[in-house]
Amino acid sequence: MTPGPRHDLPETDDFTRPYWDAAAGGRLLIRRCGACGRAHHYPREFCPHCWSDDVAWERASGRATLYTWSVVHRNDLPPFGARTPYAAAVVDLAEGPRMMTEVVECAEADLRIGMELEVAFRRQAEGVAVPVFRPAVSPPATGRAGR
């Protein structure tokens, strides 16, 4: 049996290749405008805020907060059906832009607007890594105890 089309794999081109290569290396990239200074995502060759073409790739921190989500219980597109239920989400990246993604490693009942998230990468057998987000591990407390 011939497998059907995969709807979870990106179509890369010369422009998006740096993004997908970085993801494969465990890094999330965004674009930042040299003219107005604002970051944006999804990657574009121009700034969607001021229309300048003075934009460059920048490594994102990987930190985000949950803006909204929807739990998908049925999806007939391969291979999503095998992943149901899953949390399709929109997150606010620490750098400012909003990003569509998926929240993983979190029970549906634990999802909360504003919860802190960190990037993770779903590694596909085809060598592609897709950014997803999981609950952030709190950094260790700093400062001196016992004062």
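Owing to the predicted nature of the structure, the values given are computational and were not obtained by experimental measurement.
Distance OG1/Thr12 to CG/Asp21: 8.0 Å, rounded to 0.5 Å. For the atom pair Thr68 OG1 and Arg98 CZ, the distance stands at 9.5 Å (nearest 0.5 Å). Ile30 contributes atom CD1, which lies 4.5 Å from atom CD of Glu95 (distance to the nearest 0.5 angstrom). Going from atom NE2 of His40 over to atom SG of Cys50 covers 9.5 Å, rounded to the nearest 0.5 Å. Note that the CG atom of Asp8 and the CD atom of Gln124 stand 4.5 Å from one another [nearest 0.5 Å]. A distance of 10.5 Å separates CG in Asp53 from SG in Cys47, rounded to the nearest 0.5 Å.
A 6.0 Å sphere centred on CZ of Phe46 holds more than 12 heavy atoms belonging to other residues, nucleotides or ligands.
Contact of the Val137 side chain with the Glu118 side chain is registered, since non-hydrogen atoms from C-beta on lie closer than 4.5 Å. No side-chain heavy atom of Arg44 sits less than 4.5 Å from a side-chain heavy atom of Val55. The side-chain heavy atoms of Met99 and Leu28, taken from C-beta on, include a pair separated by under 4.5 Å.
Judged purely by distance below 3.5 Å, without hydrogens or angles, the side chains of Glu116 and Thr65 never pair a donor atom with an acceptor atom.
Not one N or O on the side chain of Arg38 forms a donor-acceptor pair closer than 3.5 Å with the backbone of Gly96. Judged by distance alone, with hydrogens and angles left aside, the side-chain atoms of Arg134 form no donor-acceptor pair with the main-chain N or O of Val132 at under 3.5 Å.
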| task | Begin with the C-alpha distance, continue with both residues' side-chain angles, and end with the deciding distance and a verdict on side-chain contact (heavy atoms from CB on, under 4.5 Å) for Met100 and Tyr42. | result | CA-CA 9 Å; Met100 293 183 69; Tyr42 64 92; over 6 Å; no

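Applying the ring-ring contact (aromatic ring centres under 6.0 Å, His included) test to residues at least two apart or on different chains, none of the pairs has a partner in residues 106-132. Pairs of residues two or more places apart, or lying in two chains, that qualify as ring-ring contact (aromatic ring centres under 6.0 Å, His included) and include a residue from residues 11-39 are Phe15-Trp57, Tyr19-His41.
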N/O donor to acceptor pairs below 3.5 angstrom from side-chain atoms of residues 101-111, sequence neighbours left out:
residue : atom : partner : partner atom : Å
Thr101  : OG1  : Pro131  : O            : 3.3
Glu102  : OE1  : Arg122  : NH1          : 3.0
Glu102  : OE1  : Arg122  : NH2          : 3.0
Glu102  : OE2  : Arg122  : NH2          : 3.1

